[in-house]
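Okay, structure first, notes after.
The figures that follow rest on heavy atoms only: side chains count, while hydrogens, waters and symmetry mates do not.
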Amino acid sequence: MAKVTARKLKMISQAPKQTAQMIEKYKELSVSREDVMTAKADGPDGLAKLIKSIGNSGDLVFVLENIGTLPSSFEGDCFIDLLNHENKDVRLWAVKNLGKLKSIELLPLFEKIVDAEPNTIVKREAVSSIGRMRMVDAIPALTHILSNPDPKIVCQAIRGLLVFKGNPDVDSHLKELVNHENEMVVSIIKKEYFSEGKQKKAALPHTETYPFLINVVVNGDVRDVLKFVPDDSVHLTFTSPPYYNARDYSIYPSYEAYLKFLEEVFLETYRITKEGRFLVVNTSPVIVPRISRAHSSKRYPIPFDVHHDLIKMGWEFIDDIVWMKPEYSVKNRIGGFQQHRRPLAYKPNSVTEYLMVYRKQTSKLIDWNIHQYDVETLDKSKVADGYETTNVWQICPKSDKVHSAIFPYELCKRVIEYYSFIGDLVFDPFGGSGTVGRTAKSLDRKFFMTEKDPQYFEYMKSFKKENLFESYPTRFLSLDKFKETAL
């Protein structure tokens with residue numbers, strides 16, 4: 001008869017990720033947590049008897065998971081006997097419990113596990129157990145582990161050694177890892193020993209921006225405009241760069257010139273973005289049509305080429321979101337193939353675009369950004385139920401007689417809600433029809449946009465609504481007028 005308490009079953013049933021299958025698993029256990037506590041109270045002999053009485057791995061893992069804290073005087077023989085068990089989870093929990101003892105006498109045993117254990121997770125736990133000793137005598141073992149071929153094992157050893165940062169021998173061994181082949185290892189060492197010091201303190205609090213940028217649209221080349229925008233001004237940038245020579249409004253002398261232009265824009269965007277905040281770029285491969293039937297069209301992989309440049313600038317890649325459109329809304333490329341079905345001529349209809357999500361490089365976690373806001377702002381900015389849970393967003397595109405590639409409101413709404421807080425400044429360097437600005441305003445954010453094309457600039461003006469009670473009414477400025485406000 002299973003010994004499962006009502007409290008345990010209630011806890012399992014209320015856990016959001018637990019399934020009925022998991023509940024059945026616990027019902028089948030032949031031991032309960034009360035059994036474990038009783039055996040533990042009887043000392044090592046009591047636990048040893050309980051462990052030896054168990055005949056299956058599931059029960060054994062349950063016992064080992066529920067032992068809890070152990071006094072340093074506790075003898076670990078009952079766990080050592082399990083280190084050769086065929087089940088890796090049993091071995092893992094045996095090491096975890098041995099690690100609780102923090103005994104330097106167990107150091108040779110942990111070193112042996114690191115060298116001989118076939119499972120990486122169990123190895124990492126053994127290294128972690130050495131690190132948790134926080135004893136000088138463990139330093140040689142941890143420094144030896146730095147030569148392990150598994151970078152995750154090395155990172156665990158680094159973590160244990162950083163407790164002794166300032167020890168000349170430890171510092172010497174760790175600094176040598178700046179030339180390690182693994183980028184994760186190198187990034188840790190650079191942060192700990194070769195950082196350029198604290199980041200320059202921003203002129204404004206993290207949650208604030210400059211009043212002259214708020215709800216402003218500037219008619220001018222974004223590269224010229226950004227020369228007058230201070231560092232650390234923008235909380236979120238969401239934009240769709242002009243298509244490379246695929247539409248009338250984007251003619252560049254070469255693809256290299258196009259990429260260079262975007263590099264200049266996003267490098268300046270990096271400068272004006274606040275620490276740890278986001279850039280979301282909507283792009284897709286484009287086809288430049290052929291000039292005659294004697295020539296072929298050419299397809300350019302814009303998202304992948306732009307990504308390479310963004311990473312070099314310091315943007316950290318976070319996510320790729322696929323914007324999926326209905327097939328009827330895109331240009332038909334499959335028509336010829338449908339008629340003859342000949343190999344090599346297959347060209348699928350392109351129903352997707354990418355939303356590539358990046359974060360400005362920082363050593364701070366996202367929690368730091370979140371904690372800059374007061375509780376009221378955090379509560380008001382909370383994303384409502386019904387949010388998208390996958391990275392595939394099915395949204396219909398939009399266009400009109402003036403602009404052939406308008407951001408759908410729903411697309412803007414999701415990006416702005418997911419990557420900014422109420423009151424933040426949202427930037428779009430290629431304003432187009434102004435959907436980003438209007439959406440930001442409707443979501444209680446502020447916006448700043450630039451647009452080079454006079455036609456689109458005038459088109460945005462047609463959406464302007466006068467409201468005398470707005471703290472920051474929308475302003476449409478020439479580059480010269482913007483310069484005056486920025487000085």
Tell me the closest heavy-atom pair linking V63 and V31, and the distance in Å. CG2-CG2, 3.9 Å
Within 45° cone and under 6.0 Å: K360 NZ/CZ vs Y270 ring: yes
Closest non-hydrogen contact found for A94 with L64 is N-CD1, 4.1 Å
Between E183 and K190, is the salt bridge (Lys or Arg N to Asp or Glu O under 4.0 Å) condition met? List the steps. CA-CA 10 Å; E183 62 182 15; K190 282 186 175 180; over 6 Å; no
Evaluate the ring planes of F238 and F407, with Trp represented by its six-membered ring, and classify them as parallel (under 30°), tilted (30 to 60°) or perpendicular (over 60°). parallel
Beyond-backbone contact of L101 with E75, side-chain heavy atoms, under 4.5 angstrom: no
Would you say the ring centers of F317 and H307 fall short of 6.0 Å from each other? yes
Regarding K165 and the six-membered ring of Y193, is the cationic atom NZ or CZ under 6.0 Å from the ring centre and inside 45° of its axis? yes
Under a 4.0 Å N-O cut-off, is there an ion pair linking E353 with K325? yes
Check ion pair D231-R271 (N to O, under 4.0 angstrom): yes
Any Lys/Arg nitrogen of R277 or D424 sitting under 4.0 Å from an Asp/Glu carboxylate oxygen of the other? yes
Does this structure show an ion pair linking K123 with E117, if we count only N-O contacts that are shorter than 4.0 Å? no
Tell me whether E410 is salt-bridged to K413, with the criterion being a basic N under 4.0 Å from an acidic carboxylate O. no
R132 with E125: basic N within carboxylate O range, under 4.0 Å: yes
